[in-house]
J.: 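Supplied in structure tokens, the structure appears directly below.
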2 protein chains.
Amino acid sequence: MIARTYNKGLLVVISGPSGTGKGTVCKRLLEKHPEIKLSISVTTRQPRKGEVEGKNYFFRTEQEFKQIMEEGGFLECAQVYDSYYGTPKKYVREQMNAGHDVILEIDIQGALKVKERFEEGVFIFILPPSMEELRKRITGRGTESEEAILKRFQSAYQELDFMNRYNYVVVNDEVEAAADRIAAIIQAEKCRVDRNHHINEQLLGGVI
Amino acid sequence: MIARTYNKGLLVVISGPSGTGKGTVCKRLLEKHPEIKLSISVTTRQPRKGEVEGKNYFFRTEQEFKQIMEEGGFLECAQVYDSYYGTPKKYVREQMNAGHDVILEIDIQGALKVKERFEEGVFIFILPPSMEELRKRITGRGTESEEAILKRFQSAYQELDFMNRYNYVVVNDEVEAAADRIAAIIQAEKCRVDRNHHINEQLLGGVI
């Protein structure tokens with residue numbers, strides 16, 4: 001019998017303060033590793049033009065959403081204005097069992113909820129290379145008022161403290177390097193002894 | 001101020017049952033990553049032809065060796081026949097401080113001693129892809145008696161249990177892939193939050 005280290009997928013939660021560029025890093029990671037899947041949320045809001053069921057979102061009625069919630073089917077869920085959003089366990093599990101890593105890009109509050117329900121996930125905190133750079137990135141969006149920018153910056157500031165609840169920290173100094181670090185983390189996590197207690201049995205099963 | 005994740009070197013202890021090919025994997029890893037250094041042992045035995053002080057070994061008298069030992073200067077040491085061998089903390093620390101990862105390829109007994117004295121090391125257990133393959137590799141050396149081979153195989157068998165004392169397990173199915181997994185583990189370890197508690201201060205130091 002051939003011994004193999006953990007060969008299912010992992011749930012990789014990528015999170016961090018607003019403005020650290022985690023979206024761009026995730027996009028680059030998925031481009032480089034097409035076998036990695038992005039988590040797909042369930043939402044009660046109406047599909048926008050071009051959005052595809054099962055690709056951008058799983059669109060459900062409020063009643064359907066609440067039923068999934070009652071059945072404990074979400075890793076996390078939240079209400080934003082009049083709509084609900086949630087990360088369905090089922091989709092994540094299916095992808096993982098098929099050997100695909102699943103990336104969940106999510107804010108810190110959401111990530112901490114996921115951690116309560118899915119301890120075996122890999123929790124990665126994305127940091128900006130400096131607070132000056134973060135300020136530039138937030139300001140650079142050019143879509144928000146002075147006040148909104150200041151608020152966003154202050155909240156990013158406070159959010160740094162949550163790093164200690166994560167497993168890894170990746171500084172987004174260059175998108176390419178940051179994406180490569182995440183890929184290395186995924187590869188390394190599959191070699192962790194904690195995820196490979198089966199392997200001795202596999203090896204010994206072959207000779208007993 | 002620019003935030004950087006852990007940028008010193010790591011001590012990477014590579015170990016596992018006899019016959020798993022850990023030497024070949026380490027050699028490939030060092031070829032691919034010349035910035036990684038191999039740990040150099042102190043020994044009391046005479047230099048063989050071609051062996052260079054400070055490259056192959058640090059050659060010391062028995063008295064000098066014992067003094068290092070008394071000063072707690074070894075990560076581990078052992079007597080083999082009439083000679084002593086030890087892994088000097090000083091060299092490892094110097095290389096690490098200069099930013100070089102240090103590979104220590106060592107048997108299981110030695111690795112466990114290092115773990116007691118250097119918890120922050122990264123402990124990697126190399127496994128053969130199968131016990132049949134391990135038997136082939138041990139037999140294939142062709143330098144040992146039937147009895148010696150059997151003994152080696154049985155001891156490899158028992159040594160599998162020690163995997164749980166390590167952080168990572170790497171199956172040496174292909175040398176190239178195994179070396180790449182170790183490189184990924186090293187990269188990932190430097191991103192562990194546990195090794196990066198300084199980074200928030202670094203970031204905040206830049207704006208306060």
Side-chain angles (χ1 to χ4, degrees), chain A residues 1-7 17 122-125 127-135 153 156-157 159-173 177-178 180-208, chain B residues 1-7 17 122-135 153 156-157 160-173 177-178 180-208:
Chain A
M1 201 188 247
I2 302 298
R4 276 187 218 290
T5 37
Y6 186 89
N7 61 358
V122 181
F123 295 82
I124 302 178
F125 199 78
L127 279 184
S130 70
M131 291 312 274
E132 289 83 346
E133 181 61 31
L134 183 70
R135 196 194 295 261
F153 186 70
Y157 212 89
E159 285 174 335
L160 289 179
D161 279 344
F162 288 101
M163 189 189 87
N164 295 329
R165 311 275 289 275
Y166 287 70
N167 306 117
Y168 295 94
V169 56
V170 166
V171 174
N172 181 19
D173 43 3
D180 287 345
R181 279 176 218 133
I182 296 175
I185 290 168
I186 294 173
Q187 202 182 358
E189 274 287 324
K190 291 182 184 174
C191 295
R192 288 192 73 79
V193 166
D194 296 342
R195 297 192 192 274
N196 286 288
H197 292 299
H198 67 282
I199 207 165
N200 271 0
E201 284 168 41
Q202 243 181 21
L203 268 177
L204 299 179
V207 276
I208 288 169
Chain B
M1 200 187 250
I2 301 299
R4 276 187 219 288
T5 38
Y6 186 90
N7 61 359
V122 181
F123 295 82
I124 302 178
F125 198 77
I126 308 286
L127 279 184
S130 69
M131 292 310 276
E132 288 83 346
E133 182 61 29
L134 183 70
R135 196 194 295 259
F153 186 71
Y157 212 89
L160 289 180
D161 279 345
F162 288 103
M163 188 188 88
N164 295 329
R165 312 275 289 275
Y166 287 70
N167 306 118
Y168 295 94
V169 56
V170 165
V171 175
N172 181 17
D173 43 3
D180 288 345
R181 279 177 217 130
I182 296 175
I185 289 169
I186 294 174
Q187 203 182 359
E189 275 288 324
K190 291 183 184 173
C191 295
R192 287 192 73 80
V193 166
D194 296 344
R195 297 193 192 272
N196 286 288
H197 292 299
H198 67 281
I199 207 167
N200 271 359
E201 283 168 41
Q202 241 181 23
L203 268 177
L204 298 179
V207 277
I208 288 169

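Throughout, a chain's letter reflects where its sequence line sits, starting with A, and its residues are numbered from 1. Computed from a predicted model, the values in this text were never measured in an experiment.
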J.: Report yes if the side chains of B/Tyr168 and A/Asn196 come closer than 4.5 Å at any heavy-atom pair, otherwise no.
T.: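 They are not in side-chain contact.
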J.: More than 12 non-hydrogen atoms from neighbouring residues, nucleotides or ligands closer than 6.0 Å to CZ on A/Arg192, yes or no?
T.: yes
J.: With chain A as the partner, which of B/Cys191, B/Ala184, B/Ala183, B/Pro128 has the greatest number of non-hydrogen pairs under 4.5 Å?
T.: B/Cys191
J.: Apply side chain to side chain contact (heavy atoms under 4.5 Å, CB included) to residues A/Leu134 and B/Leu203 and explain how you reach the verdict.
T.: CA-CA 10 Å; A/Leu134 183 70; B/Leu203 268 177; over 6 Å; no
J.: Kindly write out the residues that satisfy side-chain contact (heavy atoms from CB on, under 4.5 Å) with A/Asp161, not counting sequence neighbours, or none if the list is empty.
T.: B/Asn200
J.: Taking only residues two or more places apart in sequence or in another chain, which ones pass salt bridge (charged side-chain N to carboxylate O under 4.0 Å, His left out) with A/Glu159?
T.: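 Applying salt bridge (charged side-chain N to carboxylate O under 4.0 Å, His left out) to A/Glu159 gives none.
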J.: What are the two closest heavy atoms between A/Val171 and B/Ala3, and how far apart are they?
T.: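 For A/Val171 and B/Ala3, the tightest heavy-atom pair comes out as CG1-O, 3.7 Å.
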J.: Can you tell which part of B/Asn164 gets under 4.5 Å to a heavy atom of chain A, answering side chain, backbone, both or neither?
T.: both
J.: So with a 6.0 Å cut-off around OH of B/Tyr6, is the heavy-atom count from everything else above 12?
T.: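 Yes.
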J.: Counting heavy-atom pairs under 4.5 Å to chain A, which of B/Gln187, B/Glu189, B/Glu133, B/Arg165 comes out on top?
T.: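 If we count pairs closer than 4.5 Å to chain A, B/Gln187 comes out on top.
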J.: Who wins among A/Arg195, A/Met163, A/His197 for the most heavy-atom pairs under 4.5 Å with chain B?
T.: A/Met163
J.: Quick one: what part of A/Asn167 sits under 4.5 Å from any heavy atom of chain B, side chain, backbone, both or neither?
T.: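 Looking at A/Asn167, just its backbone touches chain B.
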J.: Could you look at A/Leu160 and say if it's the side chain, the backbone, both or neither that has a heavy atom under 4.5 Å from chain B?
T.: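 Contact with chain B involves both backbone and side-chain atoms of A/Leu160.
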J.: So for B/Ile199, is it side chain, backbone, both, or neither that comes closer than 4.5 Å to the heavy atoms of chain A?
T.: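 Side chain only.
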J.: I'd like to verify something: which residue of A/Val193, A/Asp173, A/Ile124 has the highest number of heavy-atom pairs under 4.5 Å with chain B?
T.: A/Val193
